[in-house]
Amino acid sequence: LASDLAACVRRSAAGEQGPAAKRARHRGPRCEEEELENLRSFLVECGGEGDSVLAGWSVKLCVRPAGGKVAGDYFLYYSGTGRVFRSRAEVARHYKLDLEAGHRAA
């Protein structure tokens with residue numbers, strides 16, 4: 001997983017446009033903003049207050065390179081303090097929210 005994160009950061013720093021970035025353009029330039037809104041909604045469904053807890057957060061679309069065990073798009077969630085989370089569920093656990101409520105609503 002650390003190598004995936006490093007690859008994403010290298011591609012991002014180099015300004016490279018991998019397959020996920022190309023697909024993201026087809027979904028629209030706002031896909032990271034939309035995913036942040038999806039995270040906000042998920043946290044509210046889990047019993048949190050999405051607007052207040054997500055102040056300063058950002059989302060980054062990354063790609064696992066083809067040829068590995070798992071390939072495809074994924075999001076990384078960055079807290080305002082710089083901590084990296086790999087899933088919405090991980091963010092909800094960080095805030096000690098009720099994951100079952102979020103999964104029932106989905």
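Since the model is a prediction, treat every value here as computed from it, not as a measurement.
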For Phe85, check ring pair (Phe, Tyr, Trp, His ring centres under 6.0 Å) against everything at least two apart and list the hits. Trp57, His94
Point-to-point distance, once rounded to the nearest 0.5 Å, from CZ of Arg93 to OG of Ser87: 5.5 Å
Nearest 0.5 Å, please: how far is CZ in Phe75 from CZ in Arg88? 8.0 Å
Heavy-atom closest pair, residues Cys62 and Leu76: SG-CD1, 3.9 Å
How many angstroms lie between OG in Ser41 and CD in Glu35, if you round to the nearest 0.5 Å? 10.0 Å
Between the side chain of Glu32 and the main-chain N/O of Leu61, is any donor-acceptor distance below 3.5 Å? yes
Taking side chain as C-beta onward, heavy atoms only, is Glu49 less than 4.5 Å from Val44? no
With sequence neighbours excluded, tell me which residues meet side chain to side chain donor-acceptor pair (under 3.5 Å) with Glu90. none
Nearest 0.5 angstrom please: Leu43 CG to Asn38 CG, how far? 11.0 Å
Spacing of CG belonging to Leu54 relative to OH belonging to Tyr95, to within rounding of 0.5 Å: 6.0 Å
